[in-house]
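To keep things clear, I will list the structure first and then write my remarks on it.
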Protein chains: 2
Amino acid sequence: MADVAKRAGVSVSTVSRTLRGLPTVSPDARRRVEEAARELSFVISRQASGLVTGKTGAVAVLVPTLKSWFVGAALSGLGAGLRGTGLDLLVYSVSDMADRAAFFDRLPARRNADALLVVSFDLTADESARLDGLGMPIVYVSQQAPGRASVYVDDVMGARHGVRHLINLGHRRIGYVHAARGPSGFSFSSQRRFLGYREALAEAGVEVDRRLVVDVAASGRRGAEEAVGGLLGLREPPTAIFAEIDQVAIEVMGVLRGAGLDVPGRMSVLGFDDHEMAEWMQLSTVAQPAEDIGRTAGELARSLIDDPDADPALHRVLPTRLIPRASTAPLGTTAPLGTSSPLPAPDAPDGTARTRD
Amino acid sequence: MADVAKRAGVSVSTVSRTLRGLPTVSPDARRRVEEAARELSFVISRQASGLVTGKTGAVAVLVPTLKSWFVGAALSGLGAGLRGTGLDLLVYSVSDMADRAAFFDRLPARRNADALLVVSFDLTADESARLDGLGMPIVYVSQQAPGRASVYVDDVMGARHGVRHLINLGHRRIGYVHAARGPSGFSFSSQRRFLGYREALAEAGVEVDRRLVVDVAASGRRGAEEAVGGLLGLREPPTAIFAEIDQVAIEVMGVLRGAGLDVPGRMSVLGFDDHEMAEWMQLSTVAQPAEDIGRTAGELARSLIDDPDADPALHRVLPTRLIPRASTAPLGTTAPLGTSSPLPAPDAPDGTARTRD
DNA sequence: CGCCTTCGTGACAGCGCTGTCACCGGTCGT
DNA sequence: ACGACCGGTGACAGCGCTGTCACGAAGGCG
């Protein structure tokens, strides 16, 4: 910085003021400083400025994994939301138990970020208390925390709309497939989606049949085969299946088609998420705006950082959106064997939205 | 830190030494300091220590997107590789052109990280030069840069093995589907995989038929339909299709099955990546160890940071691995309509590896 | 024309650490 | 028994910035 000052013929104070965009700099000095800074490709050291301002210029985000579609999309939106704010993104991916203990023991985010975002992370009471003691703004993403800022999607409503869509198509026996995920995250959405399923059935006067509710035990094909097998083995099998997440829905579709059952002719399948793959597979699904969630969380974090008086317990609930594609159809429709889109010259309209609610 | 010192009854110097793990601290003092630090939940401020040591304690990673399976997996591995080193992970996701210009103009990573990892990012000459002038260690991931450390997979060999697998199954007319991705990344792998395809054919004495090589223009089903339609419309259509990436392979499978063509009975399909979805879909593929790539990159970065004498141009080439699943089969096999795994009680062995090379 | 205000600027302390140096007591070698 | 040595410790400067204060010059006012 001293170099820049010398080159521009001003003091370091003026350089600092210029580079921070303070108004009390003459146009002439400003120009000279900017030029000198460019020539020396000088950038301010966050470390040094942070030392005195007490700000780090970064937000930390704690995620249970980086290999999930949702986390990737949320981070992507978060990055977009932070752009132009000068805030950097510090990612702590904490999956196994050893990492986890280390993270909560050392709390490396402390003092190294201005805010912490916690994404889909199932916290123990101890961990939660530890974060509360952190003394920095926290935003919970895809989960709720009492008294803390949160951004999440209305999973209950989403699931209700999804199931209602199936009901409107004439389905009454609707299977539900829980996604058994690790112990580390996502349980908030999981519970709420199932609640929405039950509410939609109740609303339609359909009783919940526990035999129609199954778990995908393991990840991978095996679990889906067992779950679907269980459902099909019932005396009264379902005519539609609602899966908690798209991944499971896609596995279910694969298993059904592999067994020669046409989707949606013989079985409608509905997912939740709008995973990128859902479109490729023509899966009807309840979309959650993962990027918007990230972006919103970023904005919330920023307001918490900039404005100490901001309500630290602000909740933002984002809407879901039903996207009917070709994996759901009215009850009783029996499509030709094989599925919707023929080739090479498609002789049917594109499979999207073949019905409406 | 002064608080900790007071509480432990020692000087700040001793606290600093203890917390940094220097050996010249008596066991007694060490214990007292650690206790005091825990009680006050004190963590060292990277800002302040960085100011004097010149290290930031973070590595920056530049990615073209966060919504790609590969990037997620690589970051995940990177995180694992960095764990225990005390290095934090700073993520710069730069996709659109405006961001990009801003990033390379301001180079925010400068002085805020000890090393920069550049993942699958197609750089212009100017950008490349700008990074070279950064004066910090750089590791290129999933791409090569002359004179710079790089970690990548042997795409050529991977594609060769994949195509050889198809050839060993008796296929001779093998289609190739390019994945048209954005301008921002992945072109390195793209070129190399196609090269491997051609090499494998040459090796087997099969001439490359340009009509068998198609592009998926848009993302989404539409592009795949056109590509597959083009292939099937040929006088001599292929009997197998090799897709540059799993995403495209899965779309291709969906289109084929949607058109009533059995996979692999009528058409074998092979992908590249081993996207998580590939297993769910029983897609044969050439796996690239995305997490290992990330981990290796992290190790490389660390060695570059710790050891100034380390070769800044070290290349690490990781192997691919062919994973035959149920989407490829010997030429001439005609499976029953519908695919491999029946239900509820599977009466055939699991579809994995129905043949070997 | 002298006074007060405003604007632009420079000097300087100090943010929380680390590296260096000096120092002190005890142990070892001769 | 004496100096050399070493493990353990504290004092202190200084890393690169920012915030505060003081100051001179220019402009506005009575």
Side-chain angles (χ1 to χ4, degrees), chain A residues 1-34 36-37 40-58 86 88 106-114 135-136 305-306, chain B residues 1-34 36-37 40-58 86 88 106-114 135-136 305-306:
Chain A
M1 192 155 177
D3 298 343
V4 178
K6 197 163 294 168
R7 191 177 191 107
V10 295
S11 70
V12 288
S13 302
T14 301
V15 174
S16 174
R17 280 190 276 260
T18 305
L19 264 24
R20 281 182 293 152
L22 297 191
T24 64
V25 179
S26 69
D28 182 51
R30 160 156 285 132
R31 192 188 46 70
R32 294 212 311 280
V33 169
E34 276 165 357
L40 301 172
S41 65
F42 172 86
V43 279
I44 281 183
S45 157
R46 280 210 205 307
Q47 316 227 62
S49 71
L51 192 53
V52 30
T53 59
K55 301 271 164 212
T56 63
D88 283 342
R106 309 218 46 267
L107 290 176
R110 177 113 198 282
R111 305 238 263 163
N112 292 314
D114 298 334
M136 62 202 276
I305 292 170
D306 293 344
Chain B
M1 194 156 177
D3 298 343
V4 178
K6 197 162 296 169
R7 190 176 191 108
V10 296
S11 69
V12 289
S13 301
T14 301
V15 174
S16 174
R17 280 189 276 261
T18 304
L19 264 24
R20 280 182 293 151
L22 298 191
T24 64
V25 179
S26 69
D28 182 51
R30 159 157 285 133
R31 193 187 45 70
R32 294 211 312 281
V33 169
E34 277 165 357
L40 300 173
S41 67
F42 172 87
V43 279
I44 281 184
S45 158
R46 281 210 206 306
Q47 315 225 63
S49 71
L51 193 52
V52 31
T53 59
K55 301 271 163 211
T56 64
D88 283 341
R106 310 219 45 266
L107 291 176
R110 176 114 198 279
R111 304 236 265 163
N112 293 314
D114 298 334
M136 63 201 277
I305 291 170
D306 294 343

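Just so we're on the same page: letters track the sequence lines, and every chain starts at 1. As a basis for the values below, the full set of heavy atoms in this structure was taken, side chains included, without hydrogen atoms, waters or symmetry mates.
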Length of the line joining A:R32:CZ and C:dT9:C1', which is rounded to integer Å: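 Rounded to the whole Å, the gap is 12 Å.
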
For atom NZ of A:K6 and atom P of C:dG10, their distance in whole Å: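 About 14 Å, once rounded to whole Å.
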
Residue that, paired with A:R46, satisfies side chain to side chain contact (heavy atoms under 4.5 Å, CB included) out of A:L51, A:T56, A:D88, A:T53: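 Between A:R46 and the candidates, side chain to side chain contact (heavy atoms under 4.5 Å, CB included) is satisfied uniquely by A:D88.
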
Closest heavy-atom pair and its distance - B:S11, B:A5: C-CB, 3.8 Å

For the student: nearest non-hydrogen atoms of B:V4 and B:A37, plus distance: CG1-N, 4.0 Å

Nucleic acid footprint by protein, nucleotides 16-22 of chain D - heavy-atom cut-off 4.0 Å, B for base, S for sugar-phosphate alone: BBBBB--

Taking [Y]'s backbone N and O only, do any of them form a donor-acceptor pair with [X]'s side chain (distance below 3.5 Å, no angle check)?
{"X": "B:R110", "Y": "A:S41", "value": "yes"}
{"X": "B:R111", "Y": "A:V43", "value": "yes"}
{"X": "A:R32", "Y": "A:V10", "value": "no"}
{"X": "B:S16", "Y": "B:V12", "value": "no"}

Tabulate protein N/O versus nucleotide N/O from nucleotides 22-24 of chain C, keeping only pairs under 3.5 Å, one per line.
none

A:I305 and A:K55: CA distance, side-chain angles, deciding distance, side chain to side chain contact (heavy atoms under 4.5 Å, CB included) verdict: CA-CA 9 Å; A:I305 292 170; A:K55 301 271 164 212; 4.0 Å; yes

Residue-phosphate contact under 4.0 Å: A:T24 side-chain N/O, C:dT9 OP1/OP2: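 No, because none of the side-chain N or O atoms of A:T24 sits under 4.0 Å from OP1 or OP2 of C:dT9.
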
